[in-house]
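Here's the structure we're looking at; comments come further down.
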Amino acid sequence: MNTILIIDDEAKIRSLLSRIISLEGFEVFEASNLKSGLKKLETSEIDIVICDVKLPDGNGVEFSLTVKENFATVEIILLTAFGNIPDGVLAIKNGAFDYITKGDDNTRILPLIYKAAEKVALNKRVLHLEKQLNRKQSFDSIIGESSIIISTINSAQKVAATDATVLLTGETGTGKEVFAQAIHHASKRNKNNFIAINCSAFGKDLLENELFGHKAGAFTGALKDSKGIFEEANLGTVFLDEIGEMPLDLQAKLLRVLESGEFLKVGDSKPTKTDVRIIAATNRDLEIEIEKGNFREDLYYRINIFQIKLPSLRERVADIELLVKFFLKNFSLKTGKNISSISPDYLKALKNHTWKGNIRELRNVIERSVILTDSPEIGIESLPIDISVYSSGKDSAQTKIMSAFSMASAEKIQIQKVLNHTKGNKAEAARLLEIGIATLYRKVEEYKIS
């Protein structure tokens, strides 16, 4: 049920409107002036304001701007005894939903209220999605309570407030892009673009084009000018993942961006200006890469103004339970399963595992477990053999015998369950099982899986 506030200094008009609107099932509040109307907006959940233009303590057209600036989801309908075009134009410009004349437009009130109510519902949905997105991109999205991750977050928050170039280091799968997004979100550039690119995902020529763009005619097929990431992200942030994989001649062009804020598009002789913050990431030791001649020393010192080393999952075992609960909740919702608890053995096995792929590997393991689990509790039987058997640290003859006898049957059961989940889609099943499609076909034939 929507709530409506009527602001009018004429008691008879307030009473009449209140009666008409109440009969439609709306909850109605009344105010005789802008001051009391504003107080009601601050203390009650108001969806729609119906406001007279001329009031003893101000003008409704100006008031509509105040409402939209302070109450983002509220819609305001203005009523006037003497309508004029300039006021109407200014009212809409100030955010009013509509501007109508008393008496002449009485039949429009209720239809307008219903349309405004639809807009309010849309406003609320958009605001909710924005809050979710903001949380996803902020430091709140980083899960963990261990001292090492808290210290890492604190360092990132401090540098986020500056415009310094940041170098994120650490093993693969530790969440470098998540940290980069959080730094951008907490910075003064957060209203502008955050663009990420993986430098290892492109060949030299394609990476150069992606980063710097090109002029028409620069190469065959270049029919028009094209913007690169550094131009698209102007006033925002560029995240260069796996920067250690960048070819040397492109490193020189990147150095020019850092030193002068300008670059040359492919096929252009005139430099293009840009103002971007650069966050770089690598899982390589760049000092060793410099010694090998694979990375420019001058570029290293330019990007290494503020280095943050992200801890591996092995260094933050205390956070594994929190991460498991988070991923379990997400994947349970996605699959429509009601998995609410975790067996102690399952958690113990995860804590004993080495996690070479870090959080990314843990996420994949939880997704796999959710697919294989048909009960309210997620258990050790849903884990891959290498985690469930060997992560306990045992190396006895009994353990080896057990794994030898159980491997084939457990593998067959898991493959069958994943194929059931994907409705026979072998490509998707191979992805979830983290094996090649050819390997899956071979095992399906070997185990005679239907």
Is it the case that [X] and [Y] place a side-chain donor and acceptor less than 3.5 Å from each other?
X	Y	value
R360	T172	yes
E315	S312	yes
N209	H214	yes
N358	E171	yes
D345	S343	no
N33	S36	yes
H353	E361	yes

- Please test F29 against I46 for side chain to side chain contact (heavy atoms under 4.5 Å, CB included), starting from the C-alpha separation and ending with a verdict. CA-CA 9 Å; F29 296 91; I46 304 296; 3.5 Å; yes
What's the spacing between [X] [atom1] and [Y] [atom2] if we round to 0.5 Å?
X	Y	atom1	atom2	answer
N2	D47	CG	CG	4.5 Å
L167	Y301	CG	OH	12.5 Å
L168	L240	CG	CG	11.0 Å
I143	I320	CD1	CD1	13.0 Å
L79	L17	CG	CG	6.5 Å
I48	I4	CD1	CD1	4.5 Å

Ignoring hydrogens and geometry, is there a side-chain-to-backbone donor-acceptor pair from [X] to [Y] under 3.5 Å?
X	Y	answer
N123	T73	yes
N94	V61	yes
N193	G236	no
R302	L258	yes
H184	R277	no
T43	K39	yes
N70	T66	yes
S151	S147	no
R296	Q251	no
E434	N364	no

List the atom of [X], the atom of [Y], and the distance in Å for their closest heavy-atom pair.
X	Y	value
A182	I142	CB-CD1, 4.4 Å
D374	K337	OD1-NZ, 3.8 Å
S22	V28	OG-CG2, 3.5 Å
C199	M246	SG-CE, 3.8 Å
A349	I380	CB-CD1, 4.1 Å
I303	F295	CD1-CZ, 4.0 Å

- Item | Listed once per pair and sorted, the salt bridge (Lys or Arg N to Asp or Glu O under 4.0 Å) pairs that draw on residues 151-168, sequence neighbours left out | D163-R189
- Please, which pairs that meet salt bridge (Lys or Arg N to Asp or Glu O under 4.0 Å) have at least one residue in residues 321-336, sequence neighbours excluded? E321-K325
Within 6.0 Å of [atom1] in [X], more than 12 heavy atoms from elsewhere:
X	atom1	result
E45	CD	no
E145	CD	no
K115	NZ	no
E42	CD	yes

Check [Y] with [X], please: is the shortest side-chain N to carboxylate O separation under 4.0 Å?
X	Y	value
R284	E245	yes
R431	E367	yes
E75	K68	yes
E210	K227	no
R316	D319	yes

- Message: For V370 and I339: C-alpha separation, side-chain torsions, deciding distance, then whether side chain to side chain contact (heavy atoms under 4.5 Å, CB included) applies.
- Response: CA-CA 8 Å; V370 169; I339 305 173; 4.0 Å; yes
- Message: Please enumerate all residues that pass side-chain hydrogen bond (donor to acceptor under 3.5 Å, both in side chains) together with K265, with sequence neighbours excluded.
- Response: E231
Does the side chain of [X] reach to within under 4.5 Å of the side chain of [Y], using non-hydrogen atoms?
X	Y	value
L432	H421	yes
N304	L286	no
T162	S187	no
R108	I113	no
S369	Y346	yes
I7	D52	no
I77	Y99	no
V49	F97	no

- Do we get K253 above F212's six-membered ring, with its NZ or CZ under 6.0 Å from the centre and within 45° of the axis? yes
- Query: Any idea how F239 and F194 line up, ring-wise: parallel (<30°), tilted (30 to 60°), or perpendicular (>60°)?
  - Reply: parallel
- Show your reasoning for whether side chain to side chain contact (heavy atoms under 4.5 Å, CB included) applies to S44 and T3. CA-CA 9 Å; S44 303; T3 53; over 6 Å; no
- Show your reasoning for whether side chain to side chain contact (heavy atoms under 4.5 Å, CB included) applies to K93 and L65. CA-CA 9 Å; K93 186 178 178 181; L65 184 61; over 6 Å; no
- Aromatic contact, F331 with F326 (centres under 6.0 Å): no
